[in-house]
Structures are given as C-alpha cells and as structure tokens.
Amino acid sequence: MSDRSTVIVWSDYISPYAFVAKAWAYQLEADYDVALSWRPYTLDIASYMGSVEQRDPHHWRRVRYSYMDARRLANKQGLTLRGPRKVYRARPANAGMLYAQRHGVFGAYNDLVFDRFWRRELDPESVEAMVALLDELGAPAGFAEFYAGEGGAEHDRLHGEAEASGIFGVPTFVFDGELFWGGDRIGLLRERLDEKGVPRR
C-alpha cells in the first residue's frame, strides 16, 4: 500500500472498556503500519443505563457485571480500576484530548487521564483539573479558553460526526469505513488489516 492506513479510535475516559483497550490499541499501532487517530466520544451513560436514582435491580446487575468484567481485564495488565463515585459526563477531559493532540502531549495525557480517573484521583468534569494536568505535561496555557470556544465546539462536532457514522459506544475502532466495537473485536480488526494488505512492522 502506498499510503499509510488510518484506524480511528473513538474513546471516552470514563469507559472501563476503553481503559483496558488502550494498551491493545497501542499494540495494534506497534504491530501494523497504521496511524491511530484518537477521537473523543463522550458517553451519556444515564440515557442508556439510567441515572443512579432510576436504576432498577436489572440495571444494577448489568453495572456490577460490567465493572467485574472490566476489572478482570485490567488486572491482567496490572491496572487499577476502581468504580467511579458517580455517573460522570467527561466533556472537559475528552476535549482535553484534542488540546493535548494539538500540543504534542497526547500520549502522556491519554495515559494519565485514564490512570488517574480509574484510581479516583481525577475529576473528568473539571476544567480546572484538566488545566492543571496539561500544565504538568508541559502544554501551553490556554485550555480553559479552548474549551469554552473552538475546543468545545470541535468536541461537539465530532460527537455528531460519530453518531452520523454509526458510533454508539466505546471503544470503537473504524478502519476503511467498517466499525469494530469493543476491545474484544481487535482480533477481527487485525484480520481485516491483513486482508487489506496493511503491512506488519
């Protein structure tokens, strides 16, 4: 193939499954001559799992199983995954992904936001927390203004783009227009990369 292939990765820092799939995504990029294009897809968990107050026993069984399942996968990677204290909507943290990409600190930002959130050490809804983290990573000042203006608008535009293309959850990988939802579908994505002749490194 003459041009390097791209795999889009739609992700949200409050998704336990996106957290455990991060290393698998990095490994995909290490194994194949592809570029990963990370994009935020901010989940509205209450819309499909119910708010904490609205959840019935069935929803709570699903929630408990999801965290048990994700924790098993996290433990295999030596990761700490502690259940969140509340239902979050991580628009600031996810917009921070865009700012980090613009200023060359995405890899470190991606790792730290995931790690600290799942240790209950970071509020993903706090603009001030993202400002402090980006400053820690050496990004230039200006995230708060970015978030209030073009960054927030870009985040929302991408959310609309995601849903228009069929995205409904994370992590979702997109290659050549085909969607692969969930880290457990990476094996199928690898098969598709091989079928399309994407070179292995």
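What's counted below: heavy atoms across the whole structure, side chains too, no hydrogens, waters or symmetry copies.
- Annotation: the span from R192 atom CZ to L189 atom CG amounts to 8.5 Å, rounded to 0.5 Å.
- In this structure, the side chains of F175 and L28 stay at 4.5 Å or more apart for every pair of heavy atoms.
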Practice prompt. Test side-chain contact (heavy atoms from CB on, under 4.5 Å) on R200 and D194 and set out the steps.
Written response: CA-CA 8 Å; R200 289 178 178 258; D194 289 334; 3.0 Å; yes

Practice prompt. Go through the steps to decide whether V174 and S165 satisfy the test side-chain contact (heavy atoms from CB on, under 4.5 Å), and finish with yes or no.
Written response: CA-CA 10 Å; V174 183; S165 67; 5.8 Å; no

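- When all heavy atoms are compared, the tightest approach of W10 to L158 is CH2-O, 3.5 Å.
- Using a 4.0 Å cut-off between charged nitrogen and carboxylate oxygen, K86 and E125 count as a salt-bridge pair.
- Here D135 contributes atom CG and F143 contributes atom CZ; the two are 13.0 Å apart, rounded to the nearest 0.5 Å.
- Considering only heavy atoms from C-beta on, N110 comes within 4.5 Å of W38 through its side chain.
- Among residues two or more places apart in sequence or in another chain, the side chain to side chain contact (heavy atoms under 4.5 Å, CB included) test is passed with D156 by R91.
- Distance alone, capped at 3.5 Å, places no donor-acceptor pair between the R116 side chain and the E121 backbone.
- For the pair Y13 and A93, the tightest heavy-atom approach, listed with the atom from each and the gap, is CE1-O, 3.5 Å.
- Here the closest heavy-atom approach between residue P171 and residue W181 is recorded as O-CD1, 3.4 Å.
- Formation of a donor-acceptor pair under 3.5 Å by the H103 side chain with backbone atoms of P140 is not found in this model.
- A distance of 11.5 Å separates OG in S5 from CG in L36, rounded to the nearest 0.5 Å.
- Residues V105 and L137 share a closest heavy-atom pair of CG1-O, 3.6 Å.
- Formation of a donor-acceptor pair under 3.5 Å by the N75 side chain with backbone atoms of R71 is found in this model.
- With N94 as the fixed residue, the side chain to side chain contact (heavy atoms under 4.5 Å, CB included) test singles out one of R39, M130, H155, R89: H155.
- Using a 4.0 Å cut-off between charged nitrogen and carboxylate oxygen, E150 and R102 count as a salt-bridge pair.
- The pair R190-D31 meets the salt-bridge criterion, since a charged nitrogen lies less than 4.0 angstrom from a carboxylate oxygen.
- Across all non-hydrogen atoms, the minimal contact from G107 to Y26 is O-OH, 4.0 Å.
- Residues Y17 and D184 have side chains that never bring a donor and an acceptor to within less than 3.5 angstrom of each other.
- Considering all non-hydrogen atoms of both residues, I14 and P124 come closest at CG2-CG, 3.9 Å.
- Residues Q101 and Y109 have side chains that never bring a donor and an acceptor to within less than 3.5 angstrom of each other.
- Under the 6.0 Å cut-off for aromatic ring centres, F19 and F117 do not qualify, their centroids lying 6.0 Å or more apart.
- The shortest side-chain heavy-atom distance between H159 and Y41 falls under the 4.5 Å cut-off.
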Discussion item. Evaluate D111 against K22 for side-chain contact (heavy atoms from CB on, under 4.5 Å), listing each step before the verdict.
Written reply: CA-CA 8 Å; D111 292 342; K22 174 172 66 74; 2.9 Å; yes

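- Looking at residues two or more places apart in sequence or on another chain, you find a side chain to side chain contact (heavy atoms under 4.5 Å, CB included) between D33 and R4, P199, R201.
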Discussion item. Quick one, L112 with E136, criterion side-chain contact (heavy atoms from CB on, under 4.5 Å). Give me CA distance, side-chain angles, the key distance, then yes/no.
Written reply: CA-CA 11 Å; L112 276 180; E136 177 184 341; 4.2 Å; yes

